[in-house]
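Just below is one structure, and these are the notes that go with it.
We name chains A, B, ... by the order of the sequence lines, and we start the count at 1 in each one. What you see is a predicted model, and the numbers here were worked out from it, not measured in a lab.
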Amino acid sequence: MRYNFEEIETKWQKKWSENGTFSIDESSEKPKYYALEMFPYPSGNLHMGHVRNYSIGDVVARYKKMQGYNVLHPMGWDSFGLPAENAAIQHGVKPSDWTWSNVDNMRRQLKRLGLSYDWDREVATAKPDYYKFTQWIFLQLYKHGLAYKKMSYVNWCPSCKTVLANEQVVGGHCDRCKSEVVKKELEQWFFKITDYAQRLLDDIDKLSGWPDKVKSMQSNWIGRSEGAEIQFKIDGSDESLTVYTTRPDTIFGVSYMVIAPEHPIVEKLIAGRPEEEKCRAFINKVQKLNEITRSATDTEKEGEFTGVYVINPLNGEKVPLYLANYVFLDYGTGVVMGVPAHDQRDYDFAKKYNLPIRIVIQPEGQNMKSEDMTAAFAAEGIMENSGQFDGLDNKEAIKKITDYVEEKGIGKRTVNFRLRDWLISRQRYWGAPIPIVYCDKCGVVPVPESDLPVMLPENVKFTGQGESPLKECKEFVNTTCPVCGGHATRDVDTMDTFVCSSWYYLRYCDPHNTELPFSKEKTDYWMNVDQYIGGVEHAILHLLYARFFTKALHDFGYVSCDEPFENLLTQGMVLKDGSKMSKSIGNVVSPEEIVGKYGADTARLFILFAAPPERDLDWNDSAVEGSYKFINRVWRAVEDLKDYMSDDKVDAASLNADEKKLRFAVHSSIKKVTEDFERFSFNTAISSIMEMVNALYLYKENTDKASYNKPLIGETVTSLIILLSPFVPHVASEMWERIGRTSDLTSEKWLAYDEQAIVVSEVEIVVQINGKIKDKIMIAADASAEELKTVALENEKIKKLTEGRQIVKVIPVPNKLINVVVK
RNA sequence: GCGGGCGUGGCGGAAUUGGCAGACGCGCCGGACUUAGGAUCCGGUGGUUAUACCGUGGGGGUUCAAGUCCCUUCGCCCGCACCA
């Protein structure tokens with residue numbers, strides 16, 4: 001006998017929707033719980049990664065609801081983005097049509113999984129009622145000086161024909177289309193996330209509910225480094241160059257200086273010198289190098305002498321200034337001191353150009369000679385050749401030399417971050433337009449809030465050629481200046497989609513607000529997100545941007561919280577045959593196929609049972625079958641027993657041995673499942689329910705129908721259905737109905753276990769000699785340590801094995817074991 | 001190079017606080033039922049030269065006791081990386 005999943009699942013999905021089972025009542029007295037899964041990009045179809053993500057979230061939301069929380073569990077669409085536009089170019093469909101039909105399809109697929117969303121709160125970032133407020137937030141950032149425009153060398157993807165954020169460049173390639181990224185000088189909008197670098201770093205400590213991995217990735221990305229800026233006078237000039245170094249202790253070992261070829265001062269320095277021509281050739285050569293080669297560790301260090309010398313402020317030495325391909329303009333000051341003895345890069349460079357190598361830090365107790373060196377010595381040691389600082393521990397010297405430099409006014413302590421400002425302009429159509437106009441008279445003018453949204457025009461052409469299609473749309477571009485009423489043009493760029501997704505969790509709190517992105521009252525009630533769930537691929541990008549937005553909005557006074565996500569769960573990937581499901585490998589298992597074959601409950605159960613959520617999960621067809629069989633096994637048991645149930649209280653005192661065993665299994669399982677929910681250990685929760693079902697079958701096997709204990713069966717079956725309900729809500733609801741319950745299972749109270757039911761009178765004790773198991777004995781559960789000892793020493797086996805040996809000590813561990821130590 | 005993680009049967013995994021390694025499931029083997037079984041129910045299943053011994057990547061240590069703690073080493077995965 002098998003249950004009809006198709007019929008049952010459709011039936012309950014319809015009921016939940018008609019009854020508004022998952023609609024939220026904000027006036028509820030219950031404590032709130034905000035369960036959130038990362039919203040999907042509407043690419044067309046759900047994949048298994050989505051099923052996993054949303055199954056985990058759904059189980060959490062349903063469990064919390066049954067525990068008595070007022071649960072916010074929303075869903076929406078990260079619906080702006082490049083694929084929509086590519087579809088327009090390739091197939092001539094409008095990006096909006098493509099997007100909304102994908103949304104419709106994926107919404108249907110999500111509903112088919114029976115997820116407990118409040119669909120009345122659905123948001124879509126590409127809808128004017130949403131992007132109106134993305135633009136509003138842009139204006140707030142602009143007002144507070146956190147949005148600014150500047151000319152800069154930016155990452156440009158020639159294939160996507162747009163600039164990319166640093167975070168979207170992976171190994172020198174476009175994160176999306178994998179094309180090689182080139183540098184291009186453009187005027188672009190930036191968000192000043194660097195203003196928040198220190199706070200974003202410090203507050204990582206507050207994120208106790210986040211995985212260490214994500215925290216360390218963010219902290220590496222922010223990349224704080226402490227050091228000093230020190231000025232070196234240019235020989236024969238009043239000007240000086242400022243270097244950034246984390247190793248001021250090596251300053252007496254400086255034998256040359258290097259500067260980034262793009263550095264603005266280079267032009268002036270080399271003008272008119274005999275070296276000018278060679279330098280220009282070198283600059284050209286470096287600029288032609290692509291980003292990957294330029295920044296690869298194994299690229300040979302090359303340079304060109306500028307003809308300029310600088311003076312070491314500590315020892316007055318004159319050292320040559322080189323242009324070099326391994327120095328970057330956008331980190332530190334773009335000028336670096338060359339210390340070949342104590343930095344591997346400088347060592348390689350010095351070897352190539354025959355520059356002196358002077359040791360200034362000696363490994364303790366050694367007398368290393370520079371002629372003998374084969375690599376730089378970068379470790380700690382004792383200072384030498386460093387004038388007044390000789391003999392100091394080099395760590396101490398860092399402090400002393402920096403103090404000295406600060407006293408003399410030739411430098412200062414500084415902190416550098418690897419984090420760059422967030423470039424948000426995209427030369428693309430399908431995004432939120434940047435709410436800025438350029439007036440012939442007034443210059444850069446923000447669009448007044450009352451004029452929002454700046455609507456994305458529909459009548460544009462997609463050729464795939466040239467720049468943004470918005471640029472060609474005259475009705476969009478030409479406008480009037482909100483200040484003087486004169487002619488003005490709109491900014492034709494749109495915002496990075498990560499801007500849209502940086503605040504959607506706030507919108508869910510108040511999704512229908514037409515005046516503001518959200519009211520403070522609503523976010524005060526719902527925020528923070530209690531549990532956020534999504535892929536680890538967002539560990540840096542999305543999660544850092546969202547933290548930044550929350551902090552900025554907090555500072556502007558719009559939200560009270562300054563971190564958005566209390567707890568974070570990063571789920572693993574879904575693999576097939578050891579590799580990520582992908583069309584090119586041909587190992588994709590489609591959710592629709594699985595749901596069609598086994599139903600949504602089986603898909604959910606398998607995906608939660610096969611691996612812990614944070615680990616990668618290898619798809620296994622026969623194990624899916626196994627999950628399906630398990631549901632059927634439960635179904636058959638309930639069908640068999642539903643006429644032998646009673647609601648009467650179990651009379652615990654009069655249970656026979658088999659009944660006690662069953663009741664023990666039921667209550668241990670309630671305990672275990674509840675504990676496992678708290679640590680997201682769904683796989684072990686399910687295995688514990690399986691044990692309970694096995695115990696039920698054993699009871700059936702050993703008991704005549706006529707002797708069934710009806711109250712016990714009643715308790716067992718109702719508990720089983722409740723425990724299973726977060727995982728397999730449809731079939732659980734159906735069974736609930738078939739055992740005659742009329743209440744709504746999804747709001748049934750979660751179970752508490754009976755302490756007495758899991759108390760055992762006798763326990764099995766392991767008896768060890770020197771830690772090796774020799775025997776197992778049954779003993780009263782409340783036996784004292786002394787009793788344990790006595791019983792163990794009187795044990796026949798132990799007596800025999802310890803005969804003629806000296807018993808050194810006996811270690812009793814109540815309820816567990818007893819270890820006899822012999823010599 | 002820096003940072004994070006992982007390594008347990010044929011496979012997915014369990015062991016939460018140092019206390020019986022391998023729960024639960026897949027697969028496989030056997031039994032029952034059956035015209036039949038790829039259904040269902042029941043049982044078995046780490047290895048071996050098997051009353052015992054060996055087993056959580058390898059080596060060492062701490063401990064009465066180690067998958068778990070410490071040191072060391074190997075392998076794999078992820079993130080960052082000529083960042084001064």
Side-chain angles (χ1 to χ4, degrees), chain A residues 1-2 170-171 211-221 223-225 227 243-247 250 258 260 294-301 324-328 330-339 342-346 348-349 378 416-418 536-537 539-540 572-573 606 609-612 614-627 629-630 632-633 636 672 675-676 678-679 681 683-694 697-698 700-701 764-773 775-776 808-822:
Chain A
M1 183 175 46
R2 296 202 161 192
V170 177
D212 289 342
K213 181 190 168 108
V214 174
K215 290 196 280 187
S216 104
M217 279 167 76
Q218 288 217 350
S219 141
N220 287 343
W221 188 262
R224 183 190 151 100
S225 105
V243 302
Y244 172 72
T245 181
T246 53
R247 296 292 304 274
T250 64
V258 263
R294 172 82 189 274
S295 59
T297 326
D298 52 6
T299 300
E300 191 179 3
K301 284 148 196 62
N325 61 353
Y326 71 96
V327 182
F328 296 90
D330 62 357
Y331 185 79
T333 59
V335 187
V336 178
M337 54 190 218
V339 188
H342 305 292
D343 181 286
Q344 191 55 41
R345 289 157 299 179
D346 299 347
D348 295 342
F349 192 82
N416 257 295
F417 292 97
R418 214 192 70 100
V536 73
E537 64 273 19
I540 297 173
M573 284 186 300
F606 165 73
F609 177 59
E614 64 284 355
R615 215 181 300 185
D616 286 350
L617 178 156
D618 206 11
W619 189 267
N620 178 331
D621 289 322
S622 51
V624 176
E625 185 89 33
S627 293
K629 284 181 185 174
F630 171 69
N632 278 295
R633 183 169 157 89
R636 277 189 302 272
K672 174 78 175 148
E675 284 167 0
D676 282 351
E678 297 302 326
R679 56 185 189 122
S681 185
N683 55 330
T684 52
I686 292 165
S687 75
S688 157
I689 300 173
M690 288 173 170
E691 286 181 83
M692 171 176 165
V693 172
N694 291 344
Y697 268 83
L698 189 67
K700 278 176 41 154
E701 176 93 351
E764 192 183 57
I765 296 287
V766 171
V767 186
Q768 303 177 327
I769 295 178
N770 291 347
K772 302 260 181 217
I773 298 158
D775 202 5
K776 292 177 180 182
V808 183
K809 67 179 143 164
V810 180
I811 296 160
V813 183
N815 285 324
K816 288 242 163 73
L817 56 77
I818 177 136
N819 190 12
V820 181
V821 186
V822 298

Determine the minimum heavy-atom distance between [X] and [Y], stating which atoms define it.
X	Y	answer
A/R247	A/A378	NH1-O, 3.5 Å
A/F606	A/N620	CZ-N, 3.8 Å
A/Y697	A/R633	OH-O, 2.7 Å
A/A324	A/V258	CB-CG1, 3.4 Å

- Query: Mind telling me whether B/G9 is syn or anti, cutoff 90° either side of 0?
  - Reply: syn
Rounded distance in Å - [atom1] ([X]) to [atom2] ([N]):
X	N	atom1	atom2	answer
A/I769	B/G19	CD1	P	21 Å
A/L617	B/C11	CG	P	17 Å
A/D212	B/C6	CG	P	10 Å
A/E675	B/A14	CD	P	16 Å
A/M690	B/G13	CE	P	15 Å
A/I818	B/G19	CD1	P	17 Å
A/M573	B/G5	CE	C1'	13 Å
A/F609	B/A14	CZ	P	10 Å

At under 4.0 Å between heavy atoms, what does [X] touch on the DNA or RNA strands: base, sugar-phosphate, or nothing?
X	result
A/R679	base
A/E764	base
A/P211	nothing
A/K700	nothing

Look at the side chain of [X] and the backbone N and O of [Y], then say whether any donor-acceptor pair between them is shorter than 3.5 Å.
X	Y	answer
A/N819	A/G771	yes
A/N683	A/A610	no
A/N325	A/E300	yes

- Identify, with sequence neighbours excluded, every residue that meets side-chain contact (heavy atoms from CB on, under 4.5 Å) alongside A/E614. A/L569, A/P612
- Query: Which residues pass the side-chain contact (heavy atoms from CB on, under 4.5 Å) test with A/E678, sequence neighbours left out?
  - Reply: A/Y63, A/K64, A/Q67
Can you measure from [atom1] ([X]) to [atom2] ([Y]) and round to the nearest 0.5 angstrom?
X	Y	atom1	atom2	result
A/M573	A/D618	CE	CG	10.5 Å
A/S219	A/D212	OG	CG	11.0 Å
A/Q218	A/I540	CD	CD1	7.5 Å
A/I689	A/T684	CD1	OG1	10.0 Å
A/F349	A/K301	CZ	NZ	10.0 Å
A/H342	A/T250	NE2	OG1	7.0 Å

Base paired to [N] (Watson-Crick or G-U; both N/O distances under 3.5 angstrom):
N	value
B/C41	B/G31
B/G18	none
B/G75	B/C6
B/G25	B/C11
B/U49	none

Give me the distance, rounded to whole Å, that separates [N] from [M] when you measure between the [atom1] atoms they each carry.
N	M	atom1	answer
B/G46	B/C11	C1'	13 Å
B/G5	B/A50	P	45 Å
B/U62	B/C53	P	23 Å
B/G27	B/C20	C1'	26 Å
B/G25	B/U40	P	14 Å
B/A23	B/G44	P	12 Å
B/U68	B/A32	C1'	43 Å
B/G75	B/C26	P	37 Å

- Determine whether A/Q768 and A/I811 make a side-chain contact, defined as any pair of heavy atoms from C-beta on separated by less than 4.5 Å. no
- Query: Heavy atoms, side chains only, cut-off 4.5 Å: are A/F609 and A/L617 in contact?
  - Reply: no
- Query: With respect to the phosphate group of B/G12, does any side-chain polar atom (N or O) of A/R615 fall under 4.0 Å of OP1 or OP2?
  - Reply: no
- Note on the structure: Protein-proximity profile, nucleotides 76-84 of chain B, B/S/- by nucleotide at the 4.0 Å heavy-atom cutoff, equals --BBSBBBB
Would you tabulate the nitrogen or oxygen pairs shorter than 3.5 Å linking the protein to nucleotides 52-54 of chain B?
none

Contacts under 3.5 Å, N or O only, protein and nucleotides 62-68 of chain B:
| residue | atom | partner | partner atom | Å |
| --- | --- | --- | --- | --- |
| B/C64 | O2' | A/N819 | ND2 | 3.1 |
| B/C64 | O2 | A/N819 | ND2 | 2.6 |

- Item | Closest to the A/N683 side chain, choosing from B/A14, B/G12, B/A15 | B/A14
- Query: Considering heavy-atom distances to RNA chain B, does A/V214 or A/D618 have its closest nucleotide positioned more toward the 5' end?
  - Reply: A/V214
Check the interface with nucleotides 42-46 of chain B: list each N/O to N/O pair with the protein under 3.5 Å, or write none.
| residue | atom | partner | partner atom | Å |
| --- | --- | --- | --- | --- |
| B/C42 | OP2 | A/R633 | NH1 | 3.3 |

